[in-house]
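Scroll down for the structure; my scribbles are underneath it.
This structure is a prediction, so every number in the text was calculated from the model and none was measured.
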Amino acid sequence: MADPLSFYLDDKAQPGTGSNFDVDYVLHYKLPTTSVKEKEEAEAAFIQLINALSAVGFATEVRPGGKSSLLVFTKIASEKLLTSQVYRYRIQDWLFGVRTSAPNQDLSKYLEEEPVSEAERLRLTYLLITKSKNEGGAGITAKMGKWKYVDSIFPLHDHAFNRRWIKAWSGKYFLDEEDLNRIRDKFGERVAFYFAFLQSYFAFLLFPAAFGFAAWLILGKFSWFYAVVNSLWSVVFFEHWKTKEVDLAVRWGVRGVSRIQHPRPQFQFERETQDPVTGEIVRVYSPFKRLSRQLLQIPFALACVVVLGGLIASCFSIEVFITEIYTGPFKQYLTFLPTVLLTIFMPTFSGLLTNLAEQLTKAENYETHDAHQASFIEKIFVLNFITSYLPIFLTAFVYVPFGKLLVPYLDVFKVTAQSFTTMEKPVTKSWEINPDRLTKQVIYFTVTAQIVNFLTEVIVPYAKRKVFKKVQEVQSEFSGNGHELQIKDHPDEADFLKRVRNEAELDEYDVTVDYREMVVQFGYLSLFSVIWPLAACSFLVNNWVEARSDAMKIAIGSQRPVPWRADSIGPWLNSLGFLSWLGSITSAALVYLFNKHDINPDGTPWDISGWALLLSILFAEHIYFAVQLVVRSLVQKLDNPGLQKERAERYAMRKKLLEQTFGSHGHDADLTEEAQGPGHVSSGEKITREALEEEARVNATRTPEQLFWLRQRGAAETIEIGRGLIAAVAAANQTKSS
């Protein structure tokens with residue numbers, strides 16, 4: 001396949017993109033290139049992998065994935081198995097209140113009325129691959145335990161759809177409901193909710209963009225009228241979105257789906273016990289141990305403030321000294337020093353703290369994926385808040401009102417600078433507040449930083465992949481490829497397999513990253529747009545580009561995401577509410593400090609009336625709102641006899657219906673045979689010349705997609721060929737190393 005980007009820009013069809021050969025999922029199986037013992041371990045794990053997939057009803061095919069990897073293709077071999085899974089999970093939805101009525105037991109008629117979407121098929125297939133064996137799945141979790149050689153499990157992109165998608169969006173200003181429905185049917189509700197949120201946010205930005213432009217022309221900076229309107233807008237948008245996401249969840253049939261939690265394979269329980277309410281056997285982890293580990297979030301937050309805050313404050317001080325006090329040599333070059341320091345140390349410290357946040361979340365040992373993700377997002381929000389907003393807070397509430405008091409402490413920089421120069425005259429001048437510093441800083445974060453973020457998110461990863469691929473080709477040429485595994489694909493599959501190998505090397509798409517960008521941007525608008533009212537105009541343009549660039553990122557820059565369901569934007573909703581509330585406080589403080597009390601050239605806080613400042617931001621009222629939110633959150637988490645009775649009744653109903661519906665497992669008896677694949681030959685079947693000739697005549701009439709699944713006759717032959725490929729890779733690596 002040609003370069004993916006050229007495929008979307010070129011009107012001509014590219015080879016290898018027309019069909020996915022009926023593949024549901026691809027398992028990228030990395031092979032060790034070191035010891036013989038690891039090679040034997042990988043081979044044994046591969047046999048277990050194929051057997052586990054075959055046992056739950058998958059047909060499998062294996063192909064070379066590269067110099068040291070395999071590609072295991074899977075598809076559900078039996079439509080009966082797929083129908084059974086669809087019915088089972090739709091029954092579960094009904095029992096948990098997601099569906100208003102139970103599915104019709106006449107499955108053929110029922111599926112005609114409500115057909116299975118591509119997203120639903122892929123989601124149920126993924127669950128069948130990953131859920132534990134005692135729940136009827138294959139129990140395969142990538143990069144964990146005995147499946148450590150399984151690098152990734154991913155569905156294949158539908159490039160024909162992606163191409164139509166990108167072209168359609170490139171000519172639209174607004175996304176309609178049909179656009180969102182297509183995203184939902186292809187990528188699931190979790191991704192669809194992100195684009196729905198982005199579209200709603202984009203539409204709502206029209207008002208603050210127009211009003212901000214008028215305020216910039218007429219009212220100027222730090223207008224109390226603009227601050228009031230902007231705060232009201234943020235509240236209206238927040239409340240609107242809470243209603244909007246409920247409406248979408250109802251229309252998409254996922255209202256309440258967050259109650260259906262998927263267990264984490266990494267969860268380590270201490271004991272099994274009986275639920276006193278439902279009588280169900282549950283796995284328990286001590287809530288006191290979890291609470292003790294959750295309390296580590298406090299020192300984690302302090303560590304973030306000390307490390308990131310210290311770095312930002314230090315660079316801030318250096319910047320103030322160099323740009324506003326220092327007059328010595330090389331000033332034009334030294335002005336870049338704070339930027340260089342931040343560029344070097346900020347990603348390093350942020351990465352270390354992000355890894356620490358991930359380890360803390362793992363230590364909290366949550367039972368479900370959703371609880372784990374929510375806790376991790378809370379920690380990431382703390383990091384983003386510090387890195388995104390602290391520089392502006394320092395300028396607005398430290399540099400301006402307390403500058404005269406703090407600048408003398410910068411003498412350490414003066415002494416250092418003087419010691420590095422041979423000039424006898426002073427290399428510094430008297431300090432005065434820069435009245436434009438705050439505005440320039442906000443412009444940087446709302447305009448320049450958005451452009452830089454787009455480049456680092458879309459352009460840089462694409463360029464890195466191209467360069468890395470070119471480097472690998474050059475290294476292969478210089479090292480000689482005589483001892484490397486030579487991949488010889490069947491001509492009918494060559495283009496398809498080349499495309500799959502490219503997709504296997506892509507990163508997984510994480511919608512959390514995109515949510516984080518939008519929430520941080522909303523914070524800039526809510527907290528600081530009173531400083532520069534044109535911020536909304538910048539965000540309006542940026543978000544039109546963002547929607548298209550995110551679509552491109554999914555289509556060509558990432559593996560196709562597993563189409564998970566969701567009924568909201570998750571924990572990010574709380575972040576929006578917090579920023580909306582904090583924005584009203586910050587805006588009030590900024591207006592009080594800088595509207596009537598223009599920036600004091602002396603940089604002293606003595607003319608600021610503390611009681612008036614507190615009154616202006618309605619301190620008592622907002623404390624009340626904060627307490628109200630905390631109490632509301634705590635009350636919602638409390639259990640009571642009414643809720644316990646409802647849980648017991650719903651559990652009894654689920655258990656009874658499931659026993660009636662799936663009490664007999666006779667319908668699964670034929671799945672093993674069907675999972676062997678359409679070309680399976682049983683051990684007792686005699687192969688004759690006549691049979692082979694008849695098969696050759698039949699194969700001549702079959703399509704490449706059908707022949708793809710007939711090249712290996714069942715799990716046994718897949719294992720045999722896979723072992724041969726593993727041996728070939730090991731031999732090639734051994735010969736090359738010697």
Side-chain angles (χ1 to χ4, degrees), residues 23-77 122-156 262-269 283 358 362 365-369 372-373 500-501 503-510 559-562 564 672 675 712 715-716 718-727 729-730:
V23 173
D24 287 328
Y25 276 86
V26 179
L27 286 76
H28 192 203
Y29 196 83
K30 291 290 187 70
L31 298 175
T33 59
T34 53
S35 66
V36 176
K37 182 179 179 181
E38 288 185 338
K39 177 258 180 185
E40 294 175 349
E41 183 184 12
E43 183 176 338
F46 175 79
I47 295 173
Q48 291 180 321
L49 175 69
I50 300 302
N51 286 332
L53 292 169
S54 178
V56 295
F58 283 101
T60 56
E61 290 278 332
V62 64
R63 300 290 189 274
K67 298 177 182 178
S68 58
S69 66
L70 303 178
L71 297 174
V72 180
F73 297 88
T74 66
K75 76 168 182 176
I76 292 183
L122 290 176
R123 176 175 57 85
L124 298 184
T125 303
Y126 184 82
L127 288 174
L128 193 60
I129 294 173
T130 57
K131 68 183 179 181
S132 62
K133 290 185 177 181
N134 59 3
E135 294 179 339
I140 299 170
T141 305
K143 301 179 181 179
M144 280 190 57
K146 64 181 179 181
W147 308 121
K148 63 182 179 180
Y149 297 112
V150 179
D151 186 67
S152 59
I153 306 172
F154 63 95
L156 295 177
H262 296 296
R264 289 178 64 240
Q266 300 91 337
F267 172 65
Q268 298 177 351
F269 62 94
R283 295 176 173 179
E358 189 173 356
K362 289 180 179 178
N365 195 27
Y366 291 100
E367 294 91 339
T368 64
H369 285 286
H372 177 88
Q373 187 70 5
V500 176
R501 292 181 186 115
E503 291 187 25
E505 298 300 329
L506 297 176
D507 296 327
E508 295 181 6
Y509 173 70
D510 185 6
Q559 293 176 353
R560 181 175 179 175
V562 177
W564 291 116
T672 300
Q712 296 164 14
T718 299
I719 291 173
E720 181 180 353
I721 293 177
R723 295 179 66 181
L725 290 171
I726 293 173
V729 170

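If you take CD1 on Ile721 and CD1 on Ile50, they are separated by 10.5 Å, rounding to the nearest 0.5 Å. In this structure, the separation between CD1 on Ile719 and CG on Asn51 is 4.0 Å, given to the nearest 0.5 Å. To the nearest 0.5 Å, atom OG1 of residue Thr718 and atom CZ of residue Phe46 are 7.0 Å apart. Atom CZ of Phe73 sits about 10.5 Å away from atom CG of Leu27, to the nearest 0.5 Å.
Take Arg264 and apply the salt bridge (Lys or Arg N to Asp or Glu O under 4.0 Å) test, not counting sequence neighbours, and it matches no residue. With sequence neighbours excluded, no residue satisfies side chain to side chain donor-acceptor pair (under 3.5 Å) with Asp151. The side chain to side chain contact (heavy atoms under 4.5 Å, CB included) test applied to Ala45 returns Tyr29, Tyr149, not counting sequence neighbours. Among residues two or more places apart in sequence or in another chain, the side chain to side chain contact (heavy atoms under 4.5 Å, CB included) test is passed with Glu505 by His28. Residues meeting the side chain to side chain contact (heavy atoms under 4.5 Å, CB included) test with Lys131, sequence neighbours left out: Gln85, Tyr89, Leu128, Glu135. Glu43 is linked by a salt bridge (Lys or Arg N to Asp or Glu O under 4.0 Å) to Lys39, Arg723, counting only residues two or more places apart in sequence or in another chain. Checked against side chain to side chain donor-acceptor pair (under 3.5 Å), Glu508 has no partners two or more places apart in sequence or in another chain. With sequence neighbours left out, the ring-ring contact (aromatic ring centres under 6.0 Å, His included) criterion links Tyr126 to Tyr25, Trp564. Listed by chain and residue number, nothing satisfies the side chain to side chain donor-acceptor pair (under 3.5 Å) test with Arg123 (two or more places apart in sequence, or in another chain). Not a single side chain to side chain donor-acceptor pair (under 3.5 Å) links Asp507 to another residue, sequence neighbours left out.
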Determine all donor-acceptor pairs shorter than 3.5 Å in which one atom belongs to a side chain in residues 140-148; sequence neighbours excluded.
from: Trp147; atom 1: NE1; to: Gly139; atom 2: O; distance (Å): 2.9
from: Lys148; atom 1: NZ; to: Glu41; atom 2: OE2; distance (Å): 3.4

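Remark: side-chain polar atoms of Gln559 are paired, donor with acceptor, to backbone N or O of Ala504 under 3.5 angstrom.
The stretch residues 56-66 participates, sequence neighbours left out, in these salt bridge (charged side-chain N to carboxylate O under 4.0 Å, His left out) pairs: Glu61-Arg63, Arg63-Glu493.
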